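Below: the structure, in structure tokens.
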Amino acid sequence: MKYDFGSIEPKWQKIWKEKKSFAAQDHSDKPKFYGLVEFPYPSGQGLHVGHARPYTAMDVVARKKRMDGYNVLFPMGYDAFGLPTENYAIKNHIHPAKVTHDNIQNFRSQLQMLGYSFDYDREVNTTDPAYYKWTQWIFLQLFKKGLAYKTTMPVNWCTSCKCVLANEEVVEGVCERCGSPVIRKEKSQWMLKITEYAQRLIDDLDDLDFIERVKIQQRNWIGRSTGAEVTFKSTAGDDIVVFTTRPDTLFGATYMVLSPEHELVKSWLEAGRLANADEVTAYQKAAASKSDLERTELNKEKTGVRLDGVKGIDPVNGREIPIFISDYVLSTYGTGAIMAVPAHDDRDWEFAKKFGCEIIEVVSGGEDVQKEAFTAKDDTGIMVNSEFLNGMTVKDAIPAITKWLEEKGIGHEQVNYKLRDWVFSRQRYWGEPIPMVWCDKCGWVPLPEDQLPLLLPEVASYEPTDDGESPISKMTDWVNTTCPCCGASARRETDTMPQWAGSSWYFLRYMDPHNDKALASKEALEQWSPVDWYNGGMEHTTLHLLYSRFWHKFLYDIGVVPTKEPYAKRTSHGMILGEGGEKMSKSRGNVINPNDVIAAYGADTMRTYIMFIGDFEKAASWSDNGVKGCKRFLDRVWNLSEKVTGGMEQSEANAAALHKAIKKVNEDIDAMKFNTAIATLMALVNDFYANGCTKGDYGALLLMLSPFAPHMAEELWEQMGYAKDHGGMACEQPWPVYDESKTVAQTVTIAIQVSGKLRGTVEVPAGSDNAAIEHAAKEVPTVAKFLEPLDIVKVIHVPGKLVNFIGKPKG
RNA sequence: GCCGGUGUGAUGGAAUUGGUAGACGUGACGGACUCAAAAUCCGUUGGGCUAAUCCCCCGUGUGGGUUCGAGUCCCACCACCGGCACCA
């Protein structure tokens, strides 16, 4: 009997589908387990091995959880709005909905070919109006709570996508998706107030079981820093509020810097206070036109203009100090104004050197501050030149000065975040329409909820426009409407939502995917929340993962969802690289197509290999020989079926190995150590070949193998008659039980050390006492040789492992 | 610059968290089967010394340290990878 995966795999896929073997139960006495993987963007290229790694991993977990007696929800869907589909549609003159539909068909069949145990009846598709109705609904709730607002501001504009980008979508000054330059553009945009949730997004991480690097990256991105706001005066009589994390260095402030966009600069210009107005406006203009890339360029020289006509007044000592504008101060962070302390800040120091500003040391303990800034914020520095702070450490000076500022009413403690509000509109066609209407009388009016979903209109051309408007803006029939509030003629919002909208709540829809009354019923939300285990890519840490936590917290606040966090546990997989360790790419020609692997070796081999490839969290390179090795292993499992002897009892010869394996594979799957779980199974098969195996031994092996190679496991389970004996498929069986006492072999090998150096080993019966082990150990010739010139002063025993004789030279 | 991670045979990677380093797989070499090849099976495979698969010495990026014992802990350094970056 040959291992014919080509017929076995479709056979079982059909049976699982017909029997709905993996349907999550809405009502069940079993404990629930909700396992989630990131739903794919259904691109034209289809599924790639990068998808297969996390999907296979969570499929193994889900299958294992079912065997452990859980009611498992393991769903799949499609995040189908987005630019590639739209661009493909433009190029080929096909409606994006049609492209999406075809791509999804292809994806689904690929997922099924890999034998994933998704509950396909719960599939969601973000472009389905029945789905995006609720995406729009959530937007309306955000608007009603004041968390969605439209404002004009400089935004990131991708020159190639012809579309605005969120801060999270700009990576090193270029578009995260297409790599084109990003420029600043003044535009009116819908914004979501994620900043309102900044503190909670940080705080609530503490209680979550997320891998540490995810937490760190999110905290880093939100970028909380505590300092003080201090009010300076200007010689023109204005208040200039600055933010600083080093209020202790207030006495060392020798000049001030405002961002070029600062309001005060505008008002001084208008009031004609600045003698060098031309120079100032020229600088403002130059700064405004700079691209993100130019603004963030490394090691670039500081630039700026000194304001001629207005000075700042240091509130602690009344000193008049010059004011500059410079683009090293960002208008979007803090108050857009700083006090500059060149002695204790690298950037200020560099600027001061270039513009000839005074450098006054206020913290001693560093090198000469005329040569470099001393920035240590710990106990190494002592305050000097700072009146009542003198003699304190920096650590003590910060609260002291903060308290003083508060008492004088010129400052207070302040927390700032790097996180900015989320730019939420996109000037493209293939996205959710934003359900808002502009009325000249009433302003922005939300569409009444009973008019949802607001469908995407049919348009003649999906082409993005150069004027920065969405293609939908050309559809005057759709755009022109009446105000839901006063009935006057009004215009619809023509921008659409970003791709991240639909994915910010999709995991909720899986709980109750066909509900047309709510995004999901209360009961379903109660039953399944939160997601117990969510695996996904690190690249989404500050995008999808952060956005969806924000939306979920909002939904929690308005009483829609029962938990304050969406995901209890988050893990992340490493990338699959091409053979030789290079990133897979079409241009390198090293892309592995899962379909080819399945055709040549079968889905079970593909699954087993991708789990065996290496540490799940780390990047791993594809190896065709590695695939062959896994195929060899499965062949050996298959061929072993002909060597099975005896009945359902487990053989003594294999007992220790088998029970250890049951324990180890069980633990390894929970810990995502899939590679060692498979290694354990391989070693067990080697043992079975060496010792022979009974039907009982073999059945346990098949069950342990079933999460990894489910088709083969089912087929052998059936052919060998287990299905009949146990009444059901392998995937319906409980995980084999191990007996702790049987995991211990009858004899153990004890390592013998003399003074910490390995000198031999000895076999003793398990459970031998120390005296017996010592006696046996001393008999070993290589040990005796080294023991001979020594007086033993101490013996260290590690039970079941090792004995170590410590001696000193005789005499 | 700041934060985090990693470094182990020819190679992907193991090592019960301080207790026999190199599990398992790949590759290579030798053998069996075969007219032959593929497939399969058996054996060997960190380096040195050696007639020897005896013994001994060395060996987990580098240099120190703690310990009876260190891949694992501590200190200093080097290399690579990732995130953030003029965030006051």
Side-chain angles (χ1 to χ4, degrees), chain A residues 171-172 212-221 223-225 227 242-246 249 257 295-300 302 326-330 332-341 344-348 350-351 375 416-420 538-539 541-542 574-575 581 608-609 612-615 617-630 632-633 635-636 639 660 663-664 667 673 675-686 689 749-761 781-782 785-786 793-807:
Chain A
V171 178
E172 285 169 12
E212 205 50 33
R213 58 196 169 126
V214 168
K215 290 189 182 185
I216 290 165
Q217 268 187 40
Q218 287 207 346
R219 284 197 196 104
N220 204 332
W221 184 260
R224 179 193 152 104
S225 52
V242 303
F243 174 71
T244 176
T245 54
R246 295 292 303 274
T249 61
V257 187
R295 264 186 103 110
T296 58
E297 212 177 308
L298 289 169
N299 303 327
K300 83 178 167 184
K302 296 261 181 299
S326 172
D327 63 4
Y328 89 88
V329 173
L330 308 173
T332 44
Y333 183 78
T335 61
I338 62 160
M339 63 172 201
V341 185
H344 304 291
D345 182 281
D346 291 324
R347 296 149 302 180
D348 296 346
E350 194 191 321
F351 189 90
T375 58
N416 268 326
Y417 304 91
K418 287 197 248 184
L419 186 71
R420 313 286 158 76
M538 283 307 290
E539 71 275 17
T541 303
T542 55
M575 235 198 300
T608 304
Y609 173 62
F612 186 63
I613 193 167
D615 185 336
E617 290 198 41
K618 291 194 199 126
S621 325
W622 188 266
S623 155
D624 284 334
N625 281 326
V627 180
K628 283 179 199 157
C630 287
R632 223 169 269 161
F633 163 60
D635 282 338
R636 274 166 67 79
N639 295 333
K660 257 192 236 170
K663 185 181 179 190
K664 171 102 175 121
E667 289 167 354
K673 292 164 83 174
N675 52 340
T676 50
I678 290 168
T680 303
L681 294 176
M682 288 172 167
L684 187 65
V685 169
N686 292 344
Y689 267 95
T749 308
I750 301 286
I752 309 161
Q753 293 184 343
V754 178
S755 301
K757 272 191 174 298
L758 183 72
R759 295 302 178 191
T761 59
T782 53
K785 187 170 82 185
F786 283 91
V793 293
K794 195 177 169 189
V795 183
I796 293 166
H797 284 271
V798 180
K801 290 246 185 282
L802 175 142
V803 57
N804 186 4
F805 297 101
I806 297 132

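Here is how names work: the chains are called A, B, and so on, in the same order as the sequence lines, proteins then strands, and each is numbered from 1. Values in this document were obtained by computation on a predicted structure and should not be read as measured data.
The side chain of A:Gln217 lies closest to B:G82 when the candidates are B:G82, B:G19, B:A88. Distances were taken from every side-chain heavy atom of A:Thr676 (C-beta onward) to each of B:C55, B:U16, B:A23; the shortest belongs to B:A23. Listed candidates were B:G83, B:U20, B:G25. Nearest to the side chain of A:Phe612 is B:G25. Closest to the side chain of A:Leu330, from the set B:C68, B:G27, B:A88, is B:A88.
Contact annotation: A:Asn686 reaches the phosphate of B:G25 (side-chain N/O to OP1 or OP2, under 4.0 Å). Not one side-chain nitrogen or oxygen of A:Lys302 sits closer than 4.0 Å to the OP1 or OP2 atom of B:A88. At least one side-chain nitrogen or oxygen of A:Ser225 sits closer than 4.0 Å to the OP1 or OP2 atom of B:A88. For A:Tyr328, no side-chain nitrogen or oxygen approaches OP1 or OP2 of B:A88 to under 4.0 Å. Residue A:Asn675 has a polar side-chain atom (N or O) positioned under 4.0 Å from OP1 or OP2 of B:A14.
Atom C1' of B:A79 sits at a distance of 10 Å from the matching atom of B:U62, rounded to the whole Å. The same atom, P, is picked in B:U53 and in B:U60; the two are 23 Å apart, to the nearest Å. Nucleotides B:U17 and B:A88, compared at atom C1', are 43 Å apart to the nearest Å. Comparing the same atom, P, in B:U72 and in B:G61 gives a spacing of 8 Å after rounding to whole Å. Spacing between B:C75 and B:C57 at atom C1', rounded to whole Å, works out to 29 Å. Nucleotides B:G22 and B:A38, compared at atom P, are 32 Å apart to the nearest Å. The same atom, P, is picked in B:A76 and in B:C3; the two are 13 Å apart, to the nearest Å. Across the P atoms, B:U44 and B:C24 are found 12 Å apart, a figure rounded to whole Å.
For A:Lys794 and B:G69, the NZ to P distance is 10 Å, given to the nearest whole Å. At whole-Å resolution of the value, CG in A:Asp624 and P in B:U11 are 19 Å apart. One can place OH of A:Tyr417 at 18 Å from C1' of B:C84, the figure rounded to the nearest angstrom. In this structure, A:Asn220 places its CG atom 5 Å from C1' of B:C84, rounding to the nearest Å. Taking atom CD of residue A:Glu667 and atom C1' of nucleotide B:U16, one finds them 9 Å apart after rounding to whole Å. Atom pair A:Glu617:CD and B:U6:P shows a separation of 10 Å (rounding to whole Å applied). Rounded to an integer number of Å, the gap from A:Leu681 CG to B:C24 C1' is 11 Å. One atom, CG of A:Leu802, and another, P of B:U16, lie 15 Å apart when rounded to the nearest Å.
In this structure, B:U72 forms no base pair with any nucleotide, since neither Watson-Crick nor G-U wobble geometry is met with both distances under 3.5 Å. Taking a pair to require two hydrogen-bonding distances under 3.5 Å in either a Watson-Crick or a G-U wobble arrangement, B:G27 pairs with B:U45. When both distances must be under 3.5 Å, the Watson-Crick or G-U wobble mate of B:A88 does not exist. Base pairing of B:U6 is made with B:A79, judged by Watson-Crick or G-U wobble geometry with both donor-acceptor distances under 3.5 Å. Using N1 to N3 plus N6-O4 or O6-N4 for Watson-Crick, or N1-O2 and O6-N3 for G-U wobble, each under 3.5 Å, B:A36 pairs with nothing.
Among the atoms of the strands shown, only primed sugar atoms or phosphate atoms (P, OP1, OP2) are found under 4.0 Å from some heavy atom of A:Asp615. As judged by a 4.0 angstrom heavy-atom cut-off over every strand, A:Ala340 is placed among residues making no nucleic acid contact. Residue A:Ser326 is classed as having no contact, given no heavy-atom separation below 4.0 Å to the nucleic acid. Nucleic acid contact for A:Gly223: none, since no nucleic acid atom lies under 4.0 Å from a heavy atom of the residue. Using a 4.0 Å heavy-atom criterion, one finds that A:Thr782 contacts the sugar-phosphate atoms exclusively. Contacts of A:Ser623 with the nucleic acid, taken as non-hydrogen atoms under 4.0 Å apart, are absent. As judged by a 4.0 angstrom heavy-atom cut-off over every strand, A:Lys663 is placed among residues making no nucleic acid contact. Contacts of A:Lys628 with the nucleic acid, taken as non-hydrogen atoms under 4.0 Å apart, are absent.
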- Message: Walk me through whether A:Lys664 and A:Thr676 qualify under side chain to side chain contact (heavy atoms under 4.5 Å, CB included).
- Response: CA-CA 9 Å; A:Lys664 171 102 175 121; A:Thr676 50; 4.1 Å; yes
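In this structure, A:Asn639 contributes its side chain and A:Asp635 its backbone to a donor-acceptor pair below 3.5 Å.
Along RNA chain B, the nucleotide nearest A:Arg246 and the nucleotide nearest A:Cys630 are compared for position; the residue whose nucleotide lies closer to the 5' end is A:Cys630. Where A:Ile806 and A:Ile678 meet RNA chain B, the nucleotide closest to each residue was compared, and A:Ile678 sits on the side nearer the 5' end.
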Tabulate atom names and distances for all N/O pairs under 3.5 angstrom spanning the protein and nucleotides 41-49 of chain B.
from	atom 1	to	atom 2	distance (Å)
B:C41	OP1	A:Arg636	NH1	3.0

Measure all distances between protein nitrogen or oxygen atoms and nitrogen or oxygen atoms of nucleotides 57-61 of chain B, and list the pairs falling under 3.5 Å.
from	atom 1	to	atom 2	distance (Å)
B:C57	OP1	A:Arg759	NH1	3.4
B:C57	OP1	A:Arg759	NH2	3.4
B:C57	OP2	A:Arg759	NH1	3.1

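The two residues A:Thr761 and A:Ala751 come nearest to each other via the heavy atoms CG2-CA, 4.2 Å. Of all heavy-atom pairs between A:Cys630 and A:Phe612, the closest is SG-CD2, 3.9 Å. Shortest non-hydrogen contact noted between A:Val795 and A:His797 is CG1-NE2, 3.6 Å. Nearest heavy atoms, A:Asn804 versus A:Gly756: OD1-N, 3.0 Å. In terms of heavy-atom proximity, A:Ala337 sits nearest to A:Val329 at N-CG1, 4.0 Å.
For the pair A:Lys302 and A:Tyr328, the cation sits on the ring face: its NZ or CZ lies under 6.0 Å from the ring centre, inside 45° of the axis.
Between the side chain of A:Gln753 and the base of B:G19 there is at least one donor-acceptor pair of N/O atoms closer than 3.5 Å.
Rounding to the nearest 0.5 angstrom, the gap separating the NE2 atom in A:His344 from the CZ atom in A:Arg246 is 7.0 Å. Put simply, CE on A:Met575 and CE on A:Met538 are 11.5 Å apart, with the number rounded to the nearest 0.5 Å. To the nearest 0.5 Å, atom CZ of residue A:Phe786 and atom CD1 of residue A:Ile752 are 12.5 Å apart.
The shortest side-chain heavy-atom distance between A:Asn686 and A:Arg636 falls under the 4.5 Å cut-off. Two residues are said to be in side-chain contact when any heavy atoms from C-beta on lie closer than 4.5 Å; A:Met339 and A:Thr249 meet this criterion.
In this structure, B:G9 shows a glycosidic angle within 90 degrees of zero, which is the syn conformation. Base orientation of B:U53: anti (glycosidic angle beyond 90° from 0).
If you check the side chains of A:Tyr609 and A:Asp624, you find no donor sitting under 3.5 Å from an acceptor.
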